[in-house]
Amino acid sequence: MEIIKLRKDNFAKVLNLARKSLENDQLVVVPSDTAYGLAAKATSPWAVQKVLDFKGRKPEKGISVFLKDLNKIKKYAYFDQNQEKIIRTLLPGPFTVILASKKKLAPELGPGDGTMAIRVIKHDFISQLLSQLNFPITATSANLSGKKPHYSIASFLNTLSEKKKQNLGLIVDAGQLPKVPVSTVVRLTQDKIKVLRKGVFNPRLVLTQKTKSAGETQKLAQKIFQSFLRKDLEEKAVVVILRGDLGAGKTVFAKGIGSLFGQEFFSPTFVLLDEHQINQPPVRNIYHLDLFRLESEEEVVDLELTQFLQKGNLLMIEWGEKLSPWQHLKNKNSLFFWLEIEEMGQKSREFKLYRI
Amino acid sequence: MKILAIETSCDETAAAVTENRRVWSNVIYSQIDIHKKYGGVYPVLAKRAHEEKIDLVIAKALKNARLSLKEIDATAVTFGPGLVIALEVGLKKAKEIAEKYHQPLIPVDHIEGHIYSCFAQNSAGRPKREFKFPFLALIVSGGHTSLVLVKDHLQYETIGRTLDDAAGEALDKAARILGMGYPGGPVIEELAEKGNSQFLPLPIPMKQHPGLDFSYSGLKTAFKSKLASRSPKEIIKNLPHLAASFQKATFAAIITKLKKAILLTGVKSVVVGGGVVANKKLRQLIRQCAKETKADIYFPPSEKLIGDNAAMIGVAAHFKYQKGVYLKKDFDRLDRVARPDLKIWL
């Protein structure tokens, strides 16, 4: 086992060392956008077996892999246009995306149901390492099964027996990593996004209710406002991400809240951002947005939404999942809700409200 | 009076030079065209795109009109409705020019522009079309579906509008449901030409509703739920029929309300504007409706005046200036408005 400190002046040299170790089926501990990771050649059954042996248990959801970009995802997994849109929205970012596998990787990665778990991250070391390799690497966190991930090499080594240490080829020590929580795992193999593991955002379900008509949906919106949003608006800005397919009733929901204040809300698809001055305490303004037409993170940044995050302002954002990585918007002045709208039939809907 | 008009309310960066109703130049830099090259990526927000193109577009409009900024008498600009951040780009530029050259600044409502688009003339002063007040204006675009009673210059009464999605937006969204990209309207039109519009029976939105308002969210939902029971293969096979069926319902709602508006108001002169008017089927249906109701109908005289453009802003601005609606100084009093609803700066 070799430990090498990663510095600016030896970056290329360390990359080279890591590349050689990985090519020789060795395990390499690497820094990542979250905790330290355990990298191995994902196309090699021997290397992946080493990862499994080291961690001590096969993870149920399989071992995720780092891929460089969308082109690489295309090489290893299947996805359609809609999924591509979602992938572009989520990645690179703090998400692990589950897609149907083209089965070009070591089967030991699991989980054995024809899917694979993919991470694409913005990280200098990992990105450059991937550019030098002609295979993906495992992206599992460097820890023993059942133990927490590590953000420093010292804390990691403390948990290891001498024997375990000997199973590692190289440790790339980038010092103390910021304590970024693990990624959120998102399954795209079905039609809808399904959150399997909670990472950066931890939704807590606070309400589930079904409605049978647009009128009932509006009433529910008013109830949600009165029971959940009103109080928080006295102290903070409240952001509600409205998530549901086309025609699910996102605008209907917003109209319900608008009518509480005697205002008519329309579809914000065209204007992107509708500002409604309310001035009925605790509500100052309601911003009703539709981000569907936005294509990139930069465009979301152009909207300069942070300026609206002030006490008494309510932001209702249709297709707000595009705000990824929208945790940047989360600050001490704002509270986030996520409203998931599921269509049960032509008119009936199920609403799930999460506090994030 | 020579007016430089600027329009940046949505996807198009546009500038024009007009004099009275005559259009000396009409330059449109459509971002959609540019971005098609990049494999269908449409950064519609496009604040930066507007910022990058606006000087170029203004220079071209002046060049085509063979005029310099010094020879311009007034600047006109769209202040809404539209994407606020896109509107800001045009407003900022117009204020700069008006300030620098000591010109009056004329604020124009985008819908007002579409209304006046039917009265724009070429450099030879054609078509001659006279204003016959009162008249009805039907505006159908990606962002708007409105019926306006125009009693005189600058005297508007919105008698019908959409309660949710605009007609063009509904077509876009139908295209999206069918798995096609943005903007979907032209795709739907093309597909519909070869399709059987009786294939999928859909409700005509607001048909039974006594008023003149439009609503498209119910149609969208009905379309989607009727497709849910069909396999992707079946949908792909029947794309032209599905597009034709949806388009038929979308337009039937417009025609129903237009007919009702003519009957209710007794006004028999109708002008039509907005991007969706580029759709041949819609124009045909409107002509037919005019025939049945014995109304006169006017479309924008050229294709470039149908979608978003600055010439229509310049023409509207001429009449606003005549009525004294402009700013001589303190240009910062003019701010963008996401939905002015033909109620501000009149």
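Below, read A as the first sequence line, B as the second, and so on, with proteins coming before strands; counting in each chain starts at 1. Side chains are part of it too, since the values below use all heavy atoms of this structure and drop only hydrogens, waters and symmetry mates.
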Cut-off 4.5 Å, heavy atoms of chain A, and the answer for B:Thr162 is backbone
When the 4.5 angstrom heavy-atom criterion is applied to B:Ala228 and chain A, the contacting part is neither
field: Residue B:Lys207 excluded, over 12 heavy atoms near NZ under 6.0 Å
entry: no
Self-check item: Atom CD of A:Gln226 with >12 non-hydrogen neighbours under 6.0 angstrom
Solution: yes
- Query: How about A:Lys347 and B:Thr221: does a side-chain donor come under 3.5 Å of a side-chain acceptor?
  - Reply: no
Across all chains, not counting sequence neighbours, the ring-ring contact (aromatic ring centres under 6.0 Å, His included) partners of B:Phe223 are B:Phe246
Checking A:Asp274, A:Leu272, A:Leu273 against B:Val84 for side-chain contact (heavy atoms from CB on, under 4.5 Å), the one that qualifies is A:Leu273
In this structure, OG1 of A:Thr251 is separated from CG of B:Leu163 (nearest 0.5 Å) by 12.0 Å
Nearest heavy-atom contact between B:Glu169 and A:Ser267 is OE2-OG, 2.5 Å
Note: B:Gly143 and A:Phe270 closest approach over all heavy atoms is CA-CG, 3.3 Å
B:Lys173 side chain to A:Leu246 main-chain N or O, any donor-acceptor pair under 3.5 Å? no
Checking heavy-atom separations under 4.5 Å from chain B, one finds in residues 255-264 of chain A A:Lys255, A:Glu264
For A:Lys74, the side-chain contact (heavy atoms from CB on, under 4.5 Å) test, sequence neighbours excluded, returns A:Asn71, A:Phe79
side-chain contact (heavy atoms from CB on, under 4.5 Å) filter on A:Lys223, not counting sequence neighbours, yields A:Leu207, A:Gln209, A:Ser227
Counting heavy-atom pairs under 4.5 Å with chain A, the top scorer among B:Ser141, B:Ala338, B:Gly82 is B:Gly82
